2 protein chains.
Amino acid sequence: MPHPIAMATSVSNPCPHRHGVSCGDCRMKALCLPLALELDQIEQLDRIVQRGRPFQRDEYIYRAGTEFRSVYAVRSGAVKTFAVNDQGVEQVTGFYLPGEIFGMDGIAHTHHISSAIALETSSVCEIPFNRLEELSLSLPNLQRHFFQLMSREIINDQRLVALIGKNSADERLATLLLSISSRNAQRSLSGLRFRLPMSRADIGNYLGLTVETVSRIFGRFQKQRLLKVDKKEIEILDLEGLQELANV
Amino acid sequence: MPHPIAMATSVSNPCPHRHGVSCGDCRMKALCLPLALELDQIEQLDRIVQRGRPFQRDEYIYRAGTEFRSVYAVRSGAVKTFAVNDQGVEQVTGFYLPGEIFGMDGIAHTHHISSAIALETSSVCEIPFNRLEELSLSLPNLQRHFFQLMSREIINDQRLVALIGKNSADERLATLLLSISSRNAQRSLSGLRFRLPMSRADIGNYLGLTVETVSRIFGRFQKQRLLKVDKKEIEILDLEGLQELANV
DNA sequence: GGCAAACCTTGATGCAAGTCATGGCAGCCG
DNA sequence: CGGCTGCCATGACTTGCATCAAGGTTTGCC
């Protein structure tokens, strides 16, 4: 079975990205797109990326306490990461969609401090971190890209702090929905109709709200004709209305 | 005027750290200590670090919107970083004490998205980022160290999300006080008596609380004999009591 | 000194979201 | 089938913190 990027670069349909090679379904764009790597450099990167069998729903990609070895890229499906504190309280720290990278919080330690599980059947690329480090020494673009990737993660987390610390429950949920919507849209799927891969409980946990509150707000948004909600299927009916809530 | 690390390595009093050279007041330990660099490597790093005049209270180290060029290390004093959203609402994203590095959220973009200002008279080392990147290509330890530094920032932000999303006002403030206390203690100052360099408003902003709430909790903690509070001077009277609140 | 501005404290009141409780619905299995 | 379990929705009630308001303290400046 070909490696994901090798597969991508060998597919014949054209790719709009500036590295000028075809990249198939573009699911690795989080790695490919901003890199501006030469073709032979992409091939070098590809050589260290590993893909295993898909993960089933609720299956762990890694567990807190186990040795840190790799970071991961979502190819399909969805993943949540979460930490459990001393009192056993779980905190969801992120949702990751196709093309996104997770596991960077493990870099600081020899062992994982958080866990990652698949929210639905998901295929995931594993990128061994020591090999990535080595390769980064000879590919300045790759090094820079990874610094930027981590910086973006920091910015996201800081935005989340602001969202939770300063915004109402309505605003928090609206912001999350728009975020997921636009992340789906970037993969050129319809942005306004999408499936929420996570439970109401996960959403509430992530946003610092209770399940009941999340549920009530979904109900209210539907009454206000902002959304059409059918279990996990979401359709945004009034994009501007939501954006006003989310303060864009 | 010597560069900070150069100065550090040339000072004669012994240094307990494993790089085996004397390092003066150890204020650069955030950079020196975990690096495990050889002496000549430290000297290489030192060559790119710049130190300017100290910053006065309320003076900007960098401003949102200006070009990103460097990350910074606090040598003395204290710094806060903050972002301002579209509605003009400020969000304090971090407090940085001597030995700590800030400005890593700028790496993802060509321009700063947050600002940093001195909370009191502070001296700060500037580390030009493009030179740091170059040097990291030839010093694997340095590259790894910076990856770890950024990872730690991510972990901190995620902890803050959990703190704000799941904990009461009391718990949030107790946690912040213990954090500052232990960061002071690491610099071998007395950990239980310290000066808060930031205003009540900054604390509230950072923790997702109002000034009034912060003030009330200080009052309550004092009544409960957890703290002795005199304006910005703090003394922890009941460490265990605070730790229980903070869930350690 | 005296005034102004910035910062901090304290009290009274209201509301957003948490808590508790109940019921519906889909999927699963003996 | 009927009962069980997990997830979601909704109502009644409670509460922690924000809001509004007022007063105290410190700092700096004329």
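Bear in mind that the values here come from a model prediction, so they are computed numbers and not experimental data.
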Original post:
A/Leu227 CG to D/dA9 C1': how many Å, rounded?
Top reply: 16 Å

Original post:
Looking across every strand, which nucleic acid part, if any, lies under 4.0 Å from B/Gly204 by heavy atom: base, sugar-phosphate, or nothing?
Top reply: nothing

Original post:
Salt bridge or not for A/Glu233 and A/Arg195, using N-O below 4.0 Å?
Top reply: yes

**OP:** Side chain of B/Leu209 only, please: which of C/dA17, D/dT19, D/dA18 is the nearest?
**Re:** D/dA18

**OP:** Would you please test A/Asn85 and A/Gln91 for side-chain contact (heavy atoms from CB on, under 4.5 Å) and show each step?
**Re:** CA-CA 8 Å; A/Asn85 74 3; A/Gln91 171 68 45; over 6 Å; no

Original post:
D/dT19 base to B/Arg216 side chain: any donor-acceptor pair below 3.5 Å?
Top reply: yes

Subject >> Rounded distance (Å) that lies between atom P of C/dA16 and atom NZ of A/Lys166 >> reply: 19 Å

Original post:
Can a salt bridge be assigned to the pair A/Glu59 and A/Arg53 using a cut-off of 4.0 Å between side-chain N and carboxylate O?
Top reply: yes

Subject >> B/Asn167 CG to D/dC17 C1', straight-line distance once rounded to whole Å >> reply: 15 Å

Original post:
Is the NZ or CZ atom of A/Arg216 both under 6.0 Å from the centre of the six-membered ring of A/Phe218 and within 45° of that ring's axis?
Top reply: no

Subject >> Comparing A/Arg220 and A/Lys231 on DNA chain C - which has the more 5′ nearest nucleotide >> reply: A/Arg220

**OP:** Determine: side-chain N/O of A/Thr210 to OP1/OP2 of C/dA17, distance under 4.0 Å, yes or no.
**Re:** no

Original post:
Is the shortest side-chain N to carboxylate O distance from A/Glu90 to A/Lys80 below 4.0 Å?
Top reply: yes

Original post:
Does the base of C/dC8 carry an N or O that pairs as donor and acceptor with the side chain of B/Glu212 under 3.5 Å?
Top reply: no

Original post:
Rounded to the nearest Å, what distance is computed from the CG atom of residue B/Leu173 to the P atom of nucleotide D/dG16?
Top reply: 17 Å

Subject >> Atom-to-atom span, NZ of B/Lys232 to C1' of C/dT9 - whole angstrom >> reply: 15 Å

Original post:
B/Ile203 has an atom CD1; how far is it from atom C1' of C/dC7, in whole Å?
Top reply: 13 Å

Subject >> Sugar-phosphate only, base, or nothing, as touched by B/Ser199 at under 4.0 Å among non-hydrogen atoms >> reply: sugar-phosphate

**OP:** Starting from P on D/dA9, measure out to CD1 on A/Ile217 and report it in whole angstrom.
**Re:** 12 Å

**OP:** For A/Asp170 and C/dC15, give me the distance from atom CG to atom P, rounded to whole Å.
**Re:** 16 Å

Original post:
Does a nitrogen or oxygen in the side chain of B/Thr213 sit under 4.0 Å from OP1 or OP2 of D/dA18?
Top reply: yes

